[in-house]
Amino acid sequence: MKIDILTLFPEMFQGVLGSSILKRAQEKEVVKINLINFRDFSTSKHKTVDDYPYGGGNGMVLKPEPIFAAVESITDHEKARIIMLTPQGKTFNQRIAEELKEEKHLIFLCGHYEGFDERIREHLVTDELSIGDYVLTGGELATMVVMDSVVRLLPGVLGNEGSVETDSFSTGLLEYPQYTRPEVFREWKVPEILLSGHHQKIEEWRRKESFKRTLERRPDLIDINKLDEKDRALIKELKRD
Ligand code: 6GU
């Protein structure tokens, strides 16, 4: 996968791209990530990228010319998904991450100030995403969130390939509680069942704990119509408890 990030603050990405799993994914050449400062594409003498809004009002608006020029400088940009990060976009989720991981080329546009000239949205962008109902100072942090969640899904990125299948949200349920050594810490014991070696019983316990946690914290994630008989019985039992 190739990822191009258009931003006025490329230095914000150094920590995230230079550490941990995103660093390793680039080293393994699973993904090529390229930072572009669209100020470099401004043709005005002071390298201006924003201007006052027509009609008046507060804040500045990102001009179309440098952003169109920056995107058009990217090889094969016509075939890429061009994703704008704004609080007005569709709310990002795991389903969208799964969809984006199938793409060969993503271009992220990070905005600042009062936003983008509407012609960028209408004539350049293919997708507009938000990461939730709160306001950030710009699209950079949102881009990092979306990119991280997509790249970790690419084959060969995570050590244990099975681990993405048991993630919360891909199973539709929250994850069950996990424990490691020691068996007793400050008098708090690991649940007996996990020490039993009964794989079938352990699986059942984990599924029950996942349902319990999901019912308590995120009942909106459970679609009763999509459950089989066994899981419906499990939910009934939990609701009784
Ligand atoms: Cl994508 N951008 C900004 N500026 N704020 C946000 C956001 C994006 N998603 C949630 N809040």
Side-chain angles (χ1 to χ4, degrees), residues 1-17 19 21-22 25 31 33-42 47-68 70-71 74 77 80-103 105-154 167-170 217-218 220-221:
M1 176 181 278
K2 183 169 182 251
I3 297 178
D4 291 290
I5 302 167
L6 273 66
T7 171
L8 295 172
F9 303 96
E11 67 281 1
M12 283 181 73
F13 290 85
Q14 295 314 328
V16 161
L17 296 180
S19 325
I21 290 174
L22 287 184
V31 63
I33 303 172
N34 190 29
L35 290 160
I36 299 170
N37 188 335
F38 58 86
R39 192 177 295 285
D40 296 341
F41 290 83
S42 171
K47 295 283 169 204
T48 312
V49 291
D50 57 354
D51 206 338
Y52 299 100
Y54 276 119
N58 286 325
M60 300 294 272
V61 176
L62 288 167
K63 295 162 63 59
E65 301 96 317
I67 293 180
F68 272 78
V71 168
I74 300 169
H77 63 88
R81 291 281 281 268
I82 304 179
I83 303 165
M84 174 190 244
L85 287 304
T86 81
Q88 300 134 69
K90 181 194 273 189
T91 307
F92 183 66
N93 59 26
Q94 192 66 25
R95 192 191 53 71
I96 299 173
E98 297 277 352
E99 180 191 320
L100 292 177
K101 82 160 194 283
E102 303 300 331
E103 298 286 338
H105 191 183
L106 304 176
I107 300 174
F108 291 101
L109 305 186
C110 307
H112 262 265
Y113 320 115
E114 284 304 294
F116 294 90
D117 183 285
E118 190 66 15
R119 290 164 291 190
I120 298 167
R121 191 175 266 115
E122 286 181 341
H123 303 294
L124 188 64
V125 157
T126 61
D127 300 81
E128 187 170 351
L129 297 177
S130 163
I131 60 164
D133 293 339
Y134 41 83
V135 181
L136 303 170
T137 55
E140 283 79 8
L141 288 166
T143 293
M144 292 182 216
V145 167
V146 171
M147 178 171 58
D148 184 274
S149 70
V150 172
V151 171
R152 68 184 287 285
L153 297 175
L154 299 175
D167 284 343
S168 298
F169 306 114
S170 14
R217 302 183 186 183
R218 294 294 307 278
D220 57 296
L221 293 178

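Order of appearance sets the numbers: ligands from 1, and atoms from 1 within every ligand. Quick note: residue numbers are just sequence positions, from 1. These numbers were taken from a predicted model, which means no experiment stands behind them.
For G89, the closest heavy-atom approach to ligand 1 does not fall below 4.0 Å. Remark: distances from the non-hydrogen atoms of L141 to ligand 1 are all 4.0 Å or more.
The contact set between ligand 1 and S130, taken as ligand atoms under 4.0 Å from a residue heavy atom, comprises 1 (Cl), 9 (N), 10 (C). Within ligand 1, the atoms closer than 4.0 Å to a non-hydrogen atom of L129 are 1 (Cl), numbered from 1 in the order shown. Applying the 4.0 Å criterion to heavy atoms of L85 picks out, from ligand 1, the atoms 1 (Cl). Taking a cut-off of under 4.0 Å to the non-hydrogen atoms of G138, the atoms of ligand 1 that pass are 2 (N), 3 (C), 4 (N).
By the 4.0 Å N-to-carboxylate-O rule, R121 lies close enough to E118 to be salt-bridged with it. Ion pairing of E103 with K2 is absent here, as no side-chain N (NZ or NE/NH1/NH2) approaches a carboxylate O to less than 4.0 Å. With respect to K90 and E128, no salt bridge is recorded, no charged nitrogen being found less than 4.0 Å from a carboxylate O.
In plain terms, the two heavy atoms of I82 and H77 that are nearest each other are CD1-O, 4.1 Å. Shortest non-hydrogen contact noted between E140 and C110 is OE2-CB, 3.5 Å.
For the pair V49 and K63, the minimum side-chain heavy-atom distance is 4.5 Å or more.
With a 4.0 Å cut-off on non-hydrogen atoms, D133 does not touch ligand 1 at all.
When T143, T86, T91, V146 are ranked by how near their heavy atoms come to atom 1 (Cl) of ligand 1, first place goes to T86. When the heavy atoms of G139, G132, P87 are ranked by distance to atom 10 (C) of ligand 1, first place goes to G132.
The protein heavy atom nearest to atom 4 (N) of ligand 1 is L136 O, 3.2 Å. With hydrogens left out, the protein atom closest to atom 9 (N) of ligand 1 is I131 N, 3.0 Å, a heavy atom. Atom 11 (N) of ligand 1 has Y134 O, 2.5 Å as its closest protein atom, hydrogens excluded (heavy atom only).
With sequence neighbours excluded, the residues that form a side-chain contact (heavy atoms from CB on, under 4.5 Å) with A70 are L6, I36, F38, F41.
A donor-acceptor contact under 3.5 angstrom links the side chains of H105 and D4, judged on distance only.
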